[in-house]
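Below is one structure, written out as structure tokens; the observations come after it.
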Amino acid sequence: MSIQNREIAAIFEEIADLLEIEGADAFRVRAYREAARLIPGLAEGLAERVANGADLTELPSIGEAIAKKIAVIVETGRLPQLEEVRRRVPPSLRELLQLGGLGPKRVKALREALGVASLADLRQAVEAGKVHELPGFGEKTEAQLRERLARWQGPSSRTPLIEAEELVRPLVEHLRGGPGILDLAVAGSFRRRRETVGDLDILVACDDGAAVAERFVGYDAVAEVLSHGETRASVRLRSGIQVDLRVVPPVSWGAALHYFTGSQSHNVAVRRRGVERGLKISEYGVYRGEEAIAGRTEESVYTAVGLPFIVPELREDRGEIEAGERGALPDLVTLDDIRGDLHAHTDASDGHDSLAAMAEAAAALGYEYLAITDHTKHLGVAHGLDAKRLAAQIAAIDRLNERLAKRHEGRFQLLKASEIDILEDGSLDLPDEILARLDLRVASIHHRFDLPEHRQTERVIRAMDNRHVNILAHPTGRLIGAREPYAIDLERVMRAALERGCFLELNAQPSRLDLTDLACQQAKELGLKVAISTDAHSRAGLERMRLGIGQARRGWLSADDVINSRGLAALRRLLRRA
DNA sequence: GCCGTTTTCGGCCCGACTGTTTTCAGTCG
């Protein structure tokens, strides 16, 4: 199997880390980091590009040198340069960077003075009290390292967005409860709606920063104050997540919100545009010389560098700046565009609520339709339905729909559907006769995640060969932070879906969000439409749609790219297969 | 190492906080 983009990126990331510790030129290090950041976001595999003889230097941030190295990696699976650097700088030193509190300079100093080459070495040096004797280190640094080593549980894990929402809500209330707050926003990757957040960034506009910072560090869920100044403070909450507060005067609100929302690469790109125009952009504003020419609103910052407003979800430096320049930013899908949900369970399988309760909850959201997609018999743990029970459910839905039509004056109905298990050989878990009686069929994999890539890919494509199948649900099977996606050639799957008139699901469950943002973008580029579905197992689960919308927006999807932005009649036309 | 409506050489985003220092380097976002 050919090498994946993210494996190539990992090689450059490691080179960047090790060169930095070695003390190499900072801009050279940055060049490797830029390449490592860009590569996983490419739609097409680099291996394929190399095989096709494409000129890689046409990609941004890839020049002659890195292009050659990519070719070597693709052809041989390894890079001699990395092996050389590893001989000079032990790769275990990277652990020290991940620990936090230590950067390349001090890691280098520790290594040269004390021979520290790993976390274990550092622990010994700290316990022996040798660290504080080094120039540039002191008692406090040593104590802080001791603390971090004691807490160390491997590279820091990111927090799922939905947990971050729950953590930040009471903290925001706490801050708003204090005097003098003129404006407040949760910025960072939270505002960009990334599926997970590393830390939380809270921005406040007010005239007395010190008072807000004081109130912030006094929040009762704070476990540790990491830093505490008059305009900036950082804490670690008991949950383990770090929260950074930044306070600015109202006149800087827009510039600060832009700066604090990120992403870092987007900010760098915008600031670079500023420099080209003789402007300096900081969190305080946009300056020409001493004079502030913009910064009260985010819009004014973009205007100053000749760009239209770019929504937070797109700010990843993945082409949004170029698209803005061309006037080609997409009109992104919103929650208001969604007309129904195409994946939901009831207490007939592993859901918690009845058919009627789910229907009323969906109608209350203003939807026109809700597809009931209980599991099928192979999924015994979920009490999956066999053909007989599904036939009974079909009859029950028909009866309920009559009542719903009266109650909601024809504005809402349930769709008869199923989430059909794809068996190991790609066949379906229910006979065609019963499938033909449904409005909609969602198919998905729930076992044998371990098949090799070509077999898993064939399995899914074979399932879509069945002309009853409409949507492939949670297409990679990943669970955020818990289970890697199974090996599957997603691009082949997308092309196969397109040829067959099938669609892929963006599953909005907070632990799934499967497809990823990048996969959504890839689908859009191929012309494949997506269903954003909650896979709700209860009434409350239907409200998770907002997470799917965030992911879809990050994937550049417009309402037109999303099949459940259609009214029922148009949806039915889309679902019709040849 | 990348890149180019000032440039193929000489730039490369910007500021706050901490700790170790007496003016600043390192780290972080």
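Numbered from 1 within each chain, the chains take letters A, B, ... in sequence-line order.
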Expressed in whole Å, how much space separates the C1' atoms belonging to B:dC12 and B:dT6?
16 Å
If you look only at pairs with a residue in residues 200-219 of chain A, which of them pass as a ring-ring contact (aromatic ring centres under 6.0 Å, His included), with sequence neighbours excluded?
A:H174-A:Y219
Under 4.0 Å, heavy atom to any atom of DNA chain B: which of residues 214-230 of chain A qualify?
A:S227, A:H228, A:G229, A:E230
Determine the contact category for A:K108: base if any of its heavy atoms lies under 4.0 Å from a base atom, sugar-phosphate if only primed atoms, P, OP1 or OP2 are that close, otherwise nothing.
nothing
In whole Å, measure the gap between the C1' atoms of B:dT23 and B:dC17 for me.
16 Å
Pick base, sugar-phosphate or nothing for A:D25, based on heavy-atom distances below 4.0 Å to the nucleic acid.
base
Pairwise C1' distance, B:dT21 and B:dG26 [rounded to whole Å]
13 Å
For the pair A:E83 and A:R86, find out whether any cationic side-chain nitrogen is under 4.0 Å from an anionic carboxylate oxygen.
no
Answer for the Watson-Crick or wobble partner of B:dT8, both distances under 3.5 Å, is none
Describe the nucleic acid contact of A:R232 in one word from base, sugar-phosphate, nothing, applying a heavy-atom distance below 4.0 Å.
base
Under 4.0 angstrom, heavy atoms only, what part of the nucleic acid is A:R106 near: base, sugar-phosphate, or nothing?
sugar-phosphate
Any non-hydrogen side-chain atom of A:L237 less than 4.5 Å from a side-chain atom of A:E224?
no
Distance-only check: which donor-acceptor pairs under 3.5 Å involve side-chain atoms of residues 129-140 of chain A, not counting sequence neighbours?
unit_1: A:H132; atom_1: ND1; unit_2: A:G129; atom_2: O; d: 3.2
unit_1: A:H132; atom_1: ND1; unit_2: A:E142; atom_2: OE1; d: 3.2
unit_1: A:H132; atom_1: ND1; unit_2: A:E142; atom_2: OE2; d: 3.2

For B:dT20 and B:dT27, measure between their C1' atoms and round to the nearest Å.
14 Å
What interatomic distance, in whole Å, is found between P of B:dC3 and the corresponding atom of B:dC13?
13 Å
Can you run down the ring-ring contact (aromatic ring centres under 6.0 Å, His included) pairs that involve residues 241-260 of chain A, sequence neighbours left out, and say none if there aren't any?
A:H258-A:H266, A:H258-A:Y302
Is it true that atom CD of A:E44 has more than 12 heavy atoms of other residues, nucleotides or ligands lying nearer than 6.0 Å?
yes
Please list, in numerical order, the residues of residues 279-313 of chain A that have a heavy atom closer than 4.0 Å to any atom of DNA chain B.
A:K280, A:I281, A:S282, A:E283, A:Y284
Take atom P in B:dG1 and the same atom in B:dT5, then report the distance between them in whole Å.
23 Å
Let me confirm one number: the CD1-CD distance from A:I162 to A:E195, rounded to the nearest 0.5 Å.
13.5 Å
Base, sugar-phosphate alone, or nothing: which one does A:G100 contact when heavy atoms must sit under 4.0 Å apart?
sugar-phosphate
Under 4.0 angstrom, heavy atoms only, what part of the nucleic acid is A:Y32 near: base, sugar-phosphate, or nothing?
sugar-phosphate
With a non-hydrogen cut-off below 4.0 angstrom, is A:E139 in contact with a base, only sugar-phosphate, or nothing?
sugar-phosphate
If you walk 5' to 3' along DNA chain B, what is the first nucleotide with an atom under 4.0 Å of a heavy atom in chain A, and what is the last?
B:dG1 to B:dG29
What's A:G188 touching, base or sugar-phosphate or nothing? Going by heavy atoms closer than 4.0 Å.
nothing
Classify the nucleic acid contact of A:V270 as base, sugar-phosphate or nothing, counting any heavy atom under 4.0 Å across all strands shown.
nothing
Between A:E320 (side chain only) and A:E316 (backbone N and O only), is there a donor and an acceptor less than 3.5 Å apart?
yes
For B:dT8 versus B:dC2, give the span between their C1' atoms, rounded off to a whole number of Å.
12 Å
